[in-house]
S.K.: 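Pasting a structure below so you can have a look.
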Amino acid sequence: MDRNPSPPCSDAEEEEGDAVGNTVYSKHWLFSVLTRLIEVRLVSPPDPAASPEGARTELDEEMENDICKVWDMSMDEDVALFLQEFNAPDIFMGVFAKSKCPRLTEICVGILGNMACFQDICMSISKDENLGQVLLQRLCDSDSPTLLETSRLLLTCLSQPEVANVWVERIRENPSVYDCVCFIMSSSTNVDLLVKVGEVVDKLFDLDEELMLNWIKNGSCRSVGPSVDDSPEELPDFKIVPCILEAAKQVRSDNPEGLDVYMHILQLLTTVDEGIQAIVQAPDGGKETWSLLYDLVCQELCQPDDPPIIVQEQKTVLASILSVLSAMFASQTEQEYTRMRKNMPLIGSLIRILQYMEGCGKRAVENSKESEQEQTGRTDVNEEDFHLKILKDICCELLSNMLQELTKENTLEGLHQGHLNEETCSCAFQNLLPLYFASVESFLEVLREADQTLADNLEKRFPSLKVHT
């Protein structure tokens with residue numbers, strides 16, 4: 001069965017005044033469904049012995065079809081306003097409190113999520129403290145579809161500037177949200193759910209640095225977690241970074257957008273010292289984080305057999321990954337995983353990214369010339385150039401820091417493996433100069449010991465690098 005069946009044809013046109021707003025949906029029909037919904041949540045199981053406390057129940061097929069139609073209809077603003085006037089949120093709150101039917105809970109949260117897409121209704125839902133607390137409790141649900149709809153609702157509210165702070169404050173004051181979110185990220189295999197939860201966390205961290213700091217420092221307290229019968233259940237001592245990494249591993253193959261979200265969360269962590277320390281002072285010293293990001297850059301993204309234009313598609317996720325790697329490299333140069341003998345492929349990947357960006361830059365100039373009189377097209381190009389510039393700046397910073405750490409032995413290995421040659425070194429110098437002159441000069445001195453001829457050729461191409469004696 002489709003999760004959101006299309007609403008049926010309505011006879012509202014035949015009954016004057018029965019239509020909901022400017023739609024053809026019948027008020028009478030909606031009244032009847034909501035009334036039945038009230039009755040459903042008030043009726044006790046027919047056989048208590050057969051339905052012990054905590055046991056899940058199934059939704060009547062006819063009722064499920066009808067309430068799913070309401071779910072679909074609630075995407076219409078007139079219907080959403082009608083549901084609001086009929087106090088549907090209060091009805092749903094009663095469902096959350098009494099229902100043992102996960103499907104019914106999922107649908108009711110989904111309807112609220114549709115209603116929250118409209119600003120006035122979103123403000124009304126958000127300002128209802130009781131409803132807000134009940135909705136946050138849904139994050140501790142054990143039903144993945146319900147968790148998905150709850151996350152979608154929260155993201156919708158957090159995306160409304162007028163009420164975002166209300167939810168941030170509410171979440172900050174509710175420590176169980178941290179545990180429930182970490183539990184989902186660390187244990188769920190539902191990619192859609194992981195992506196949506198990731199979007200919620202990303203939005204929260206972007207909106208409120210204080211909340212992000214609290215979550216970084218969290219992990220010492222235990223609180224209520226997912227449980228079928230809503231009874232208290234102790235959760236593990238969660239740390240935010242391992243949970244983010246676990247979720248990223250789950251989504252990396254199936255959902256590029258989801259990977260982008262989790263890499264951006266890691267990047268946000270590195271905007272504060274506490275976040276960097278949370279990464280590099282993990283029990284493994286940050287090795288797991290470095291290994292995952294290293295593998296993504298060297299094995300999956302922007303590969304040699306990809307067309308150069310791929311960097312345009314992957315620019316945001318690459319920028320996030322390289323930003324985290326750069327922060328880790330700068331803070332943990334003594335860690336084994338940052339030893340240059342292990343990271344020549346990463347230097348090769350950084351240079352390849354710069355090469356691909358040069359190709360994209362040339363194409364952008366050509367496209368701009370072809371569409372000089374098309375203002376919209378030129379705006380898009382400028383926006384693309386902006387994101388590519390951010391990626392270039394991050395890439396150059398990391399590359400310059402890594403080149404400074406190369407020894408003769410590392411350089412010889414890079415030459416042998418093909419990561420360093422006249423073409424790649426020229427690309428690196430072209431992008432690093434003049435801002436990173438000291439780094440390039442330092443690398444050239446080491447290169448001269450490893451390959452005098454190559455160093456001489458590069459000096460000829462870049463006269464400013466001739467050794468000053």
Side-chain angles (χ1 to χ4, degrees), residues 132-142 147 150-151 154-155 157-158 164-188 193-227 230-251 258 261-290 292-293 320 323-324 327-328 331-332:
Q133 292 298 331
V134 168
L135 289 172
L136 290 184
Q137 290 172 12
R138 289 302 96 208
L139 286 173
C140 294
D141 204 293
S142 59
L147 289 169
T150 303
S151 301
L154 289 176
L155 184 62
C157 294
L158 289 168
N165 288 338
V166 173
W167 286 98
V168 169
E169 185 64 27
R170 188 174 285 148
I171 291 170
R172 191 190 298 139
E173 294 175 353
N174 195 327
S176 68
V177 173
Y178 170 84
D179 284 308
C180 293
V181 167
C182 284
F183 182 83
I184 294 168
M185 291 193 296
S186 63
S187 63
S188 178
L193 173 58
L194 288 171
V195 173
K196 194 59 64 178
V197 167
E199 289 174 343
V200 171
V201 174
D202 188 42
K203 191 68 176 179
L204 283 171
F205 286 4
D206 197 38
L207 286 170
D208 193 79
E209 185 176 295
E210 180 183 347
L211 183 143
M212 180 173 73
L213 286 168
N214 288 342
W215 282 25
I216 290 170
K217 298 171 184 176
N218 214 332
S220 59
C221 61
R222 299 175 184 273
S223 33
V224 176
S227 175
D230 294 330
S231 61
E233 178 180 302
E234 281 196 349
L235 287 177
D237 188 15
F238 287 121
K239 300 292 185 183
I240 189 69
V241 174
C243 295
I244 293 170
L245 294 178
E246 188 59 38
K249 292 174 187 176
Q250 286 290 334
V251 304
V261 168
Y262 280 99
M263 293 303 100
H264 189 253
I265 294 173
L266 283 176
Q267 182 184 7
L268 287 174
L269 292 182
T270 64
T271 61
V272 294
D273 290 339
E274 293 87 345
I276 297 174
Q277 295 308 309
I279 294 173
V280 300
Q281 291 185 0
D284 65 351
K287 182 179 179 180
E288 185 179 1
T289 303
W290 183 274
L292 173 62
L293 304 190
S320 295
S323 181
V324 177
M328 293 182 69
S331 64
Q332 285 287 58

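Numbers here simply count residues along the sequence, with the first being 1.
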S.K.: Under the side-chain contact (heavy atoms from CB on, under 4.5 Å) test, which residues partner Ser186, sequence neighbours left out?
M.R.: Phe238, Cys243

S.K.: Salt bridge (Lys or Arg N to Asp or Glu O under 4.0 Å) with Glu169: which residues, sequence neighbours excluded?
M.R.: Arg172

S.K.: Considering non-hydrogen atoms only, spot the tightest contact between Asn174 and Ser176 and give its length.
M.R.: OD1-OG, 2.7 Å

S.K.: Can you list the steps and then say if Val272 with Met212 is a side chain to side chain contact (heavy atoms under 4.5 Å, CB included)?
M.R.: CA-CA 9 Å; Val272 294; Met212 180 173 73; 4.0 Å; yes

S.K.: Any chance you could measure Leu136, atom CG, to Thr150, atom OG1, to the nearest 0.5 Å?
M.R.: 9.5 Å

S.K.: Looking at CD1 of Ile184 and NZ of Lys196, how far apart are the two atoms once the value is rounded to the nearest 0.5 Å?
M.R.: 13.5 Å

S.K.: A side-chain contact here means heavy atoms from C-beta on lying under 4.5 Å apart; do Pro242 and Lys239 qualify?
M.R.: yes

S.K.: To the nearest 0.5 Å, what is the distance between CE on Met328 and CD1 on Ile276?
M.R.: 10.0 Å

S.K.: Might you point out which heavy atoms bring Ser331 and Val280 nearest each other, and give the distance in Å?
M.R.: OG-CG1, 3.6 Å

S.K.: Which residues satisfy the salt bridge (Lys or Arg N to Asp or Glu O under 4.0 Å) test with Lys203, sequence neighbours excluded?
M.R.: none

S.K.: Looking at Leu193, Leu245, Ile265, Ile240, which one forms a side chain to side chain contact (heavy atoms under 4.5 Å, CB included) with Met185?
M.R.: Ile240

S.K.: Does the side chain to side chain contact (heavy atoms under 4.5 Å, CB included) test come out yes or no for Leu158 and Val168, once each step is laid out?
M.R.: CA-CA 8 Å; Leu158 289 168; Val168 169; 4.1 Å; yes

S.K.: Give every residue pair that meets the side-chain hydrogen bond (donor to acceptor under 3.5 Å, both in side chains) criterion with at least one member in residues 270-279, sequence neighbours excluded.
M.R.: Gln277-Gln281

S.K.: Quick one: does any side-chain atom of Tyr262 pair with a main-chain N or O of Leu194 as donor and acceptor, under 3.5 Å?
M.R.: yes

S.K.: Would you give the length of the straight line joining atom CG of Leu269 to atom CH2 of Trp215, rounded to the nearest 0.5 angstrom?
M.R.: 11.5 Å

S.K.: Taking all atoms of both residues into account, what is the closest heavy-atom pair of Ser151 and Val200, and its distance?
M.R.: O-CG2, 3.4 Å

S.K.: As an exercise, state the distance from OG of Ser320 to CG of Leu268, rounded to the nearest 0.5 Å.
M.R.: 8.0 Å

S.K.: Could you check whether any side-chain heavy atom of Met263 comes within less than 4.5 Å of a side-chain heavy atom of Leu293, counting everything from C-beta outward?
M.R.: yes

S.K.: Looking at CG of Leu211 and CD of Glu173, how far apart are the two atoms once the value is rounded to the nearest 0.5 Å?
M.R.: 11.0 Å

S.K.: Report the residues that fulfil salt bridge (Lys or Arg N to Asp or Glu O under 4.0 Å) with Glu246, sequence neighbours left out, ordered by chain and then residue number.
M.R.: none

S.K.: Who are the salt bridge (Lys or Arg N to Asp or Glu O under 4.0 Å) partners of Lys249, not counting sequence neighbours?
M.R.: Glu288

S.K.: Just so I know, are the side chains of Trp167 and Leu135 near enough to count as touching, which here means a heavy-atom distance under 4.5 Å?
M.R.: yes

S.K.: One pair to check against side chain to side chain contact (heavy atoms under 4.5 Å, CB included): Leu139 and Leu154. What are the steps and the verdict?
M.R.: CA-CA 10 Å; Leu139 286 173; Leu154 289 176; 3.7 Å; yes

